[in-house]
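Just so it is clear, the structure is predicted and the values come from calculations on it, not from any experiment. Numbers restart at 1 for each chain; the letters A, B, ... are given by sequence-line order, proteins then strands.
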Amino acid sequence: MSAVELLRAELTRAAVALGAPSDVAPNLERPRDPKHGDWASNLALTLAKPLGRKPRDVAEALIATLDLGAAGVAATEIAGPGFINFRLRDDAHAAPLAGILAAGPAYGRSTTHAGEGVNIEFVSANPTGPLHVGHGRQAALGDAISALLANVGWTVTREFYYNDGGVQIQNLALSVQARLRELAGDALVIPEGGYHGEYIKDIARTYAAEHADDPRGDQLDAVRQVAVLELRKEQDLDLKAFGVAFDVYFLESSLYTDGKVTETVAALQKGGHAFEDDGALWLRTTDFGDDKDRVMRKRDGTFTYFVPDVAYHVTKWQRGFRKAINVQGADHHSTVTRVRAGLQALEMGIPAGYPDYVLHQMVTVMRAGEEVKISKRAGSYVTVRDLIDEVGRDAVRYFFLMRKGESQLVFDIDLARAQSEENPVYYIQMAHARLSGIFRVGNIDPATVTADGVAWGKLDQPEERELIKALLDYPTLVAGAADALEPHRVATWLLETARLVHTWYHKHHVLGEPAEIQQARLVLARSARIVLANALALLGLSAPERM
RNA sequence: GCGCGAGUAGCUCAGCUGGAUAGAGCGUCGGCCUCCGGAGCCGAAGGUCGUGGGUUCGAAUCCCGCCUCGCGCACCA
């Protein structure tokens with residue numbers, strides 16, 4: 001048992017002895033101010049009312065009942081309205097570092113969700129253009145959430161859904177056709193709702209080279225196929241540059257060719273929530289909390305995107321995913337209720353809250369102090385690859401992950417570029433590099449630094465105690481981040497911990513200290529290096545040995 | 001108008017699911033290089049947590065009203 005667990009057990013015992021119910025769960029937390037000790041409990045405050053006593057009296061009674069030595073406690077105090085502060089003995093405080101050395105890369109992992117599968121869908125950009133900065137945020141977020149969940153035991157499937165059917169793909173094909181005709185000498189007429197980007201011209205040239213018999217793009221199906229293929233290739237390159245890999249690429253078009261779309265419509269009609277009106281087929285999604293009913297089959301006989309969306313999520317359920325998470329931009333939040341309603345209308349036993357959604361707010365891109373409009377159709381936008389080329393992969397990933405998804409994000413390109421050397425990610429990576437430097441300069445293989453015979457009590461400096469706390473809190477931190485689907489907590493922890501490393505490093509030497517101190521500090525340095533590397537890996541960032 | 005999200009230091013944002021004197025980075029001002037990396041460290045100034053009520057031992061955090069900003073409200077995705 002760790003020091004905290006021992007302490008909690010002792011508190012429970014003491015509380016019950018005072019007359020608290022046996023299921024009492026004492027809360028222990030880190031005080032904000034280190035002067036208040038290593039752990040604090042509000043137990044006396046919560047017990048005061050049911051016991052009919054003053055909080056401070058309860059606190060005194062609790063302390064009198066505790067076996068402090070067994071829990072490694074050196075001192076207690078009652079503070080404020082009735083908090084009990086605990087200060088651990090130096091050795092009890094530092095000894096758990098042995099667990100970090102023993103676990104190594106596995107430190108912070110858990111098997112809480114072993115044997116459970118989860119599908120995480122993200123990016124899912126239409127194959128109508130390169131990935132832009134908004135997709136970048138989603139790629140960083142989805143990849144980090146995937147890593148977080150894998151870290152607590154889930155078997156994760158990363159999935160990309162291609163909307164390669166529908167009106168927008170038709171507009172894409174027509175746009176390429178227009179460029180082909182421009183190349184053939186016609187005046188350029190980009191169709192209504194068409195795409196203006198330069199890349200359309202590139203696709204036209206590719207098509208012309210492959211289809212010498214159709215220089216004007218009269219065979220629209222062939223044009224469409226080439227366009228989608230080329231853009232998927234481009235997006236794959238973008239993702240590769242960003243270091244994001246998917247397990248499954250799911251094509252919307254396959255839902256049509258496999259008959260899933262018609263199957264789904266038939267099932268929805270059978271379910272009794274469908275009706276015809278004004279020449280269209282509708283689903284009464286208002287039966288399931290939607291604010292208006294939705295069209296499934298338009299008057300022209302084609303389906304709205306709503307139907308394949310539902311059919312797609314049915315396949316997730318049928319593929320055995322009892323948990324599915326969709327990472328999407330908040331501009332798509334209207335689909336949440338709709339998709340869930342469609343799944344409910346099927347009455348096939350899918351839970352009402354299926355699937356889960358993580359919605360992130362929009363990204364505003366600033367360049368030269370002005371907003372760059374993100375519009376595929378206008379052909380003027382910042383791509384993921386632009387960003388990576390300008391500020392580097394690690395910096396882009398960290399930038400996207402350092403704040404929570406619900407916050408809007410201002411990505412100032414000039415700032416990110418100008419400050420590249422002062423970017424938080426460099427500060428964090430520098431901490432790792434410095435720790436690595438100790439072993440390099442000392443010509444010590446970190447793997448040979450073990451916890452055997454370490455004088456834990458020597459790690460008694462305030463900077464050491466603070467750093468140790470951060471390292472020992474890491475498993476709880478990542479478990480909470482996974483639970484909340486919030487990678488930014490890891491990013492924040494990294495920055496704070498890196499600062500603790502720099503402060504400690506600056507103030508205390510390792511090499512050349514008396515043997516017992518050097519050994520203890522080497523253990524601390526190796527521990528910190530392990531945990532920083534694990535956290536960096538979780539966010540998809542590199543942990544350089546030197547910079 | 002309705003739904004969702006956000007209002008915290010000059011700027012960009014955290015705040016561990018209700019705790020003690022609300023934090024960090026950048027920026028500003030002032031210090032620190034015989035010593036494992038100064039790409040670093042230390043210090044200072046800077047706040048009515050949008051606003052008004054409520055809940056309780058205790059609220060930036062939970063509830064209600066109002067204000068401001070963003071996104072959405074298609075037989076587009």
With no hydrogens and no angle check, just 3.5 Å: does a side-chain donor-acceptor pair link [X] and [Y]?
X       : Y       : answer
Q170(A) : R224(A) : yes
N326(A) : H313(A) : yes
Q138(A) : H360(A) : yes
T337(A) : D290(A) : no
E276(A) : W282(A) : no

Suppose you measure atom [atom1] in [N] against the same atom in [M]; what distance do you get, rounded to whole Å?
N      : M      : atom1 : value
A60(B) : A20(B) : C1'   : 15 Å
C26(B) : G46(B) : C1'   : 14 Å
U48(B) : A59(B) : C1'   : 15 Å
G19(B) : G10(B) : C1'   : 30 Å
G50(B) : C13(B) : P     : 15 Å
G23(B) : C35(B) : C1'   : 33 Å
U61(B) : A22(B) : C1'   : 12 Å
U17(B) : U12(B) : C1'   : 24 Å

Whole-Å distance between [N] [atom2] and [X] [atom1]?
X       : N      : atom1 : atom2 : value
H508(A) : C42(B) : NE2   : C1'   : 13 Å
L409(A) : G5(B)  : CG    : P     : 19 Å
N27(A)  : A20(B) : CG    : P     : 13 Å
F160(A) : A77(B) : CZ    : C1'   : 13 Å
W493(A) : C16(B) : CH2   : C1'   : 14 Å
H506(A) : C33(B) : NE2   : C1'   : 9 Å
E77(A)  : A20(B) : CD    : C1'   : 11 Å
R489(A) : G15(B) : CZ    : C1'   : 10 Å

How is [X] classified with respect to the nucleic acid when contacts are heavy atoms under 4.0 Å: base, sugar-phosphate, or nothing?
X       : result
H360(A) : nothing
R403(A) : sugar-phosphate
K404(A) : sugar-phosphate
A491(A) : nothing
N163(A) : sugar-phosphate
G437(A) : sugar-phosphate
A40(A)  : base

[X] ring center near [Y] ring center (under 6.0 Å):
X       : Y       : result
Y427(A) : H502(A) : yes
Y162(A) : F160(A) : yes
Y312(A) : F250(A) : yes

At a cut-off of 3.5 Å, list every protein nitrogen or oxygen paired with a nitrogen or oxygen from nucleotides 21-24 of chain B, distance to 0.1 Å.
none

side-chain N/O [X] vs [N] OP1/OP2, d < 4.0 Å:
X       : N      : result
H488(A) : G15(B) : yes
Y427(A) : C41(B) : yes
K54(A)  : C57(B) : no
K49(A)  : C57(B) : yes

Given [options], which nucleotide is nearest the side-chain atoms of [X]?
X       : options                : answer
S407(A) : U56(B), A14(B), G5(B)  : A14(B)
V441(A) : A20(B), G15(B), C36(B) : C36(B)
A280(A) : C75(B), A6(B), C41(B)  : C75(B)
P81(A)  : C36(B), G40(B), G19(B) : G19(B)
V510(A) : A20(B), C75(B), C36(B) : C36(B)
H509(A) : G40(B), C35(B), C41(B) : C35(B)
I438(A) : A6(B), C36(B), C76(B)  : C36(B)

*asked:* Assess whether a salt bridge exists between K469(A) and E466(A), defined as any Lys/Arg side-chain N lying under 4.0 Å from an Asp/Glu carboxylate O.
replied: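 Answer for the salt bridge query: yes.
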*Thinking salt bridges, do D38(A) and R465(A) make one under a 4.0 Å N-O criterion?*
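Looking at D38(A) and R465(A), the cut-off is met.
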*asked:* For U34(B), does the O4'-C1'-N9-C4 or O4'-C1'-N1-C2 angle fall within 90° of 0, making it syn, or is it anti?
replied: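 Glycosidic conformation of U34(B): anti.
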*Where does C33(B) fall, syn or anti, if syn means a chi angle no more than 90° from 0?*
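It is syn.
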*Polar side-chain contact N85(A)-A20(B) base: donor and acceptor under 3.5 Å*: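 Between A20(B) and N85(A), which were checked side chain against base, a qualifying N/O pair under 3.5 Å is present.
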*Taking atom types as they are modelled, is there a donor-acceptor pair under 3.5 Å from the base of C16(B) to the side chain of D473(A)?*
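Answer no: no donor N or O sits under 3.5 Å from an acceptor.
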*Can you give the dot-bracket line for RNA chain B, where a pair is Watson-Crick or G-U wobble with both atom distances under 3.5 Å, crossing pairs use [ ], and | marks a partner on another strand?*
(((((((..((((.....[...)))).(((((.......))))).....(((((..]....))))))))))))....
*asked:* Ignoring hydrogens, what is the shortest heavy-atom contact between P26(A) and R8(A)? Give both atom names and the distance.
replied: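 Between these two residues, the closest heavy atoms are O-NE, 3.3 Å.
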*asked:* Here's a test of your reading of the structure: between A484(A) and G405(A), which maps to the more 5' nucleotide of RNA chain B?
replied: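 First, find each residue's nearest nucleotide; the 5'-ward one identifies G405(A).
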*For RNA chain B, whose closest nucleotide is more 5', that of E29(A) or that of F399(A)?*
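The answer here is F399(A).
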*How about N443(A): does its CG atom have over 12 heavy atoms from other parts shown lying under 6.0 Å from it?*
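For N443(A), atom CG is not crowded (no more than 12 foreign heavy atoms under 6.0 Å).
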_For E545(A), run the side-chain hydrogen bond (donor to acceptor under 3.5 Å, both in side chains) check against R529(A), R440(A), H432(A) and tell me which one passes._
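Looking at R529(A), R440(A), H432(A), the match for E545(A) under the side-chain hydrogen bond (donor to acceptor under 3.5 Å, both in side chains) is R529(A).
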_If the test is side-chain hydrogen bond (donor to acceptor under 3.5 Å, both in side chains), which one of Q429(A), R393(A), R397(A) qualifies with S542(A)?_
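For S542(A), the side-chain hydrogen bond (donor to acceptor under 3.5 Å, both in side chains) check succeeds only for Q429(A).
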*Compare the aromatic ring of Y505(A) with the six-membered base ring of G40(B) and state whether they stack according to the 5.5 Å and 30° rule.*
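No, Y505(A) does not stack on the base of G40(B), since the centre distance and plane angle fail the 5.5 Å and 30° test.
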*asked:* How long is the straight-line distance from CG of D445(A) back to OG1 of T448(A), given to the nearest 0.5 Å?
replied: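 So the gap between those two atoms works out to 5.0 Å.
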*How does protein contact run along nucleotides 67-74 of chain B, one letter per nucleotide 5' to 3', with B for base contact, S for sugar-phosphate only, - for none, heavy atoms under 4.0 Å?*
---SBSSS
*asked:* Against the six-membered ring of F288(A), is R284(A) placed for a cation-pi contact (under 6.0 Å from the centre, within 45° of the normal)?
replied: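 No - R284(A) does not lie over the ring of F288(A) by the 6.0 Å and 45° rule.
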